[in-house]
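A quick write-up on the structure given underneath.
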Amino acid sequence: SITVRGPPELTSRLKQVMSSGRIFITTKEGLLKDKKSNEIFVAASQIEANDIFLHPYFFNLPNSKQLVIIYHELVSHLTKEIRNENEALRDSNSFFCLNEELSYLDGKAVVSVSMEGNIPEFEGHDAQNANTRGGLGAYMGDKLEGLFDIGITAYGIQPMYSKVIKKGEILNVDYDELLRIGILHKVFDQNGDPLKLHVHAWDEQDINNPHLNPVVEIEVYRVNRGGTWLYLLFSKDVFDVLYTENRVHRFTQEIVFGKAVYWLLKTLNINPDILHLNEAHTVVAAAQLRADAMFNKTAIVYTNHTIVPAGLEMFYASALNTDKNRMIYQIGIPENQHLEFRSKFLREDGVVDFCYAAIHLADVINAVSEEHAIATKNLFRRMYGGRFEVQVVGVLNGSGKTWKNTALREIELGNLAARKDELSAAHEIGKKEAFEEINRRSGAILELNKLTLWAVRRIVEYKSQYPVLRFIVHI
């Protein structure tokens, strides 16, 4: 089965490892301790000696977990000689996820696009808050991390905003330090020059002038978001503030972003099997790909993250002081396909509706839970009537490592059961950090020695409160 995930010579290497290698059952900390975190692992290996070391607790684990651990040490480390633990974990996760649970995604490439995304690598810099605002941003960052963890080839694309709002004041974001320390990287073209994309958009000072469609220049950067390359599109004046309230400018941002996604994929020769749209704000990218035969194999998945109006992007000509034809022109579809795509964006009442277009263009529509899927389907039925029968699949969101207690993450990495004192220490550290954050945000001072009940969830009708309340409803 190794040859499914790698070259045939791995078979002979595996035979060599198995014939000369040894397995030791031990509790010696020197053999099981991680040098970076000092945590005791349930298993470890030495590549040079072809040896595997197992803690006795290994035999208390379920058989399925034991199999994963043995594969990780025997194949990922010893046979493939992967020394970096994160890379080895990805190799192991890839084998089990893509060979068993998600075999249909083996060898597929996913491109996920969003108008925002949380980038934990930017922590401590204004750049982090400039590029994310809420749950969608958190999800986007976590998704890219998760795709890497299970071995799926993926790319993320989002704008890189030039301004941040702090205490009601709009300030410029300085990315120079992130570039200097190697977290943020410029992307270069085939000639070794910084990659720049060029797309047309209307002139916001005279949007109704058909002769004014100036070129917008976009610089391309990227950051390693949990193992997946996240491409960041920078245009100082267009991508200035995330979710601007200026509807003309918001339309410009989303048009420019969609066109830039298309040209980035063309330039880098990335032909995804799946284009994932996070909210309808990104639908212009889907239209651009659908209009190009190069992307005929690309399936489009549209995820609706919220059923509030802000999540269903619609543009009214009267609100923008323009006309529907001028807006449709900005989408940039080739003339010979103009009428086909016009009907996907333009409702009978003259509204340019990005949600309407996303429903038309998507092969699959999903929401972020089963309840949300039901609410989304009902919403679409109320909005669009019998124009089309919309099927919405519920896919529960997960979360990334960023949101988990650091000490708990290190314990889990070792696959050992946490001791009571370890859990207590991790809890106290986390509680102290949380109380400090509450104080910073609200000024409230909570007492550490008092029982505190936590419920972190937005109160909206389509999000069940039961999961966070079920343990305390009887109190």
Side-chain angles (χ1 to χ4, degrees), residues 113-138 140-141 144 156-189 193-207 212 214-226 229-261 263-264 278-279 281-282 284-285 310 313 320 402 437 440-441:
V113 296
S114 175
M115 295 304 292
E116 66 164 308
N118 180 47
I119 306 172
E121 291 79 5
F122 286 178
E123 186 175 2
H125 299 263
D126 286 341
Q128 184 175 27
N129 290 330
N131 289 291
T132 188
R133 181 166 299 179
L136 170 57
M140 176 66 173
L144 299 180
I157 309 174
Q158 70 178 67
M160 187 168 90
Y161 295 93
S162 63
K163 298 182 183 299
V164 64
I165 300 176
K166 295 179 67 174
K167 298 180 179 180
E169 187 177 357
I170 299 177
L171 304 174
N172 291 325
V173 178
D174 184 358
Y175 288 97
D176 290 343
E177 175 68 9
L178 291 167
L179 284 164
R180 188 188 67 78
I181 62 180
I183 291 176
L184 183 64
H185 308 268
K186 280 189 175 182
V187 177
F188 297 90
D189 62 21
D193 298 320
L195 178 60
K196 294 181 180 179
L197 306 173
H198 298 89
V199 303
H200 287 273
W202 59 14
D203 186 333
E204 290 188 355
Q205 304 306 313
D206 190 5
I207 62 175
L212 290 180
V215 172
V216 176
E217 183 175 271
I218 302 153
E219 300 173 23
V220 183
Y221 298 83
R222 68 179 185 175
V223 61
N224 187 324
R225 170 69 286 273
W229 283 118
L230 170 60
Y231 287 91
L232 301 170
L233 307 180
F234 183 81
S235 178
K236 181 180 178 181
D237 295 327
V238 174
F239 302 130
D240 49 2
V241 177
L242 171 62
Y243 298 142
T244 174
E245 294 181 4
N246 182 320
R247 295 300 290 171
V248 170
H249 192 51
R250 174 82 75 94
F251 185 81
T252 305
Q253 288 182 334
E254 294 173 9
I255 289 295
V256 169
F257 178 71
K259 292 177 179 179
V261 167
W263 283 111
L264 179 66
N278 289 288
E279 298 289 26
H281 304 60
T282 60
V284 173
E313 196 71 295
L320 273 63
T402 302
E437 180 69 11
R440 185 185 68 81
R441 292 193 183 198

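All values below were derived from every heavy atom in this structure, side-chain atoms included, with hydrogens, water molecules and symmetry-related copies excluded. Heads up: numbering here begins at 1 and tracks the sequence.
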Please evaluate residues Glu219 and Met160 with respect to the criterion side-chain contact (heavy atoms from CB on, under 4.5 Å), reporting the C-alpha separation (whole Å), side-chain torsions for both, the decisive distance (0.1 Å), and the verdict. CA-CA 9 Å; Glu219 300 173 23; Met160 187 168 90; over 6 Å; no
Could you please spell out the steps behind the salt bridge (Lys or Arg N to Asp or Glu O under 4.0 Å) verdict for Glu169 and Lys166? CA-CA 5 Å; Glu169 187 177 357; Lys166 295 179 67 174; over 6 Å; no
Apply side-chain contact (heavy atoms from CB on, under 4.5 Å) to the pair Trp202 and Ile255, showing each step before the final yes or no. CA-CA 10 Å; Trp202 59 14; Ile255 289 295; over 6 Å; no
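For the residue pair Val241 and Tyr161, the shortest heavy atom distance occurs at C-CD2, 3.7 Å. The shortest non-hydrogen separation linking Leu233 to Ala260 is CD1-CB, 3.7 Å. Here the closest heavy-atom approach between residue Asn246 and residue Val248 is recorded as OD1-N, 3.1 Å. Of all non-hydrogen atoms in Asn172 and Lys163, the two that sit nearest each other are OD1-NZ, 2.6 Å. Taking every heavy atom of both residues into account, Ser235 and Ile218 meet most closely at CB-CG1, 4.3 Å. Nearest heavy atom pair, residue Phe257 against residue Ile157, reads CZ-O, 3.5 Å.
With values rounded to the nearest 0.5 angstrom, Glu123 atom CD is found 9.0 Å from Asn118 atom CG. Here the straight-line distance linking atom CD1 of Ile165 with atom CG of Asp126 works out to 12.0 Å at 0.5 Å rounding. Atom-to-atom distance recorded for Leu230:CG and Tyr221:OH is 14.5 Å, nearest 0.5 angstrom. Here the CD-CD distance, from Glu279 to Glu116, works out to 9.0 Å after rounding to the nearest 0.5 Å. Between Gln158 atom CD and Thr282 atom OG1 the span is 12.0 Å, to the nearest 0.5 Å. For the atom pair CZ of Arg225 and CD1 of Ile183, the computed distance is 11.5 Å after rounding to the nearest 0.5 Å.
Using a 3.5 Å distance cut-off with no hydrogens or angles, the side chains of Asp240 and Gln253 do pair a donor with an acceptor.
Screening Glu204, Glu254, Glu313 for a salt bridge (charged side-chain N to carboxylate O under 4.0 Å, His left out) involving Arg247 leaves a single residue, Glu313.
With a 4.5 Å cut-off on side-chain heavy atoms, Ile207 and Phe251 do not count as touching. At least one side-chain heavy atom of Ile181 sits under 4.5 Å from a side-chain heavy atom of Glu177. Within the 4.5 Å cutoff, the side chain of Ile119 has heavy atoms near those of the Leu232 side chain. Between Val261 and Tyr231 the shortest side-chain heavy-atom distance does not fall below 4.5 Å.
For the ring pair (Phe, Tyr, Trp, His ring centres under 6.0 Å) condition, the pairs that include at least one residue of residues 167-187, sequence neighbours left out, are His185-Trp229.
Between the side chain of Asp193 and the backbone N or O of Asp189 there is no donor-acceptor pair closer than 3.5 Å.
Counting non-hydrogen atoms of other residues, nucleotides and ligands closer than 6.0 Å to CD of Glu245 gives a total of 12 or fewer.
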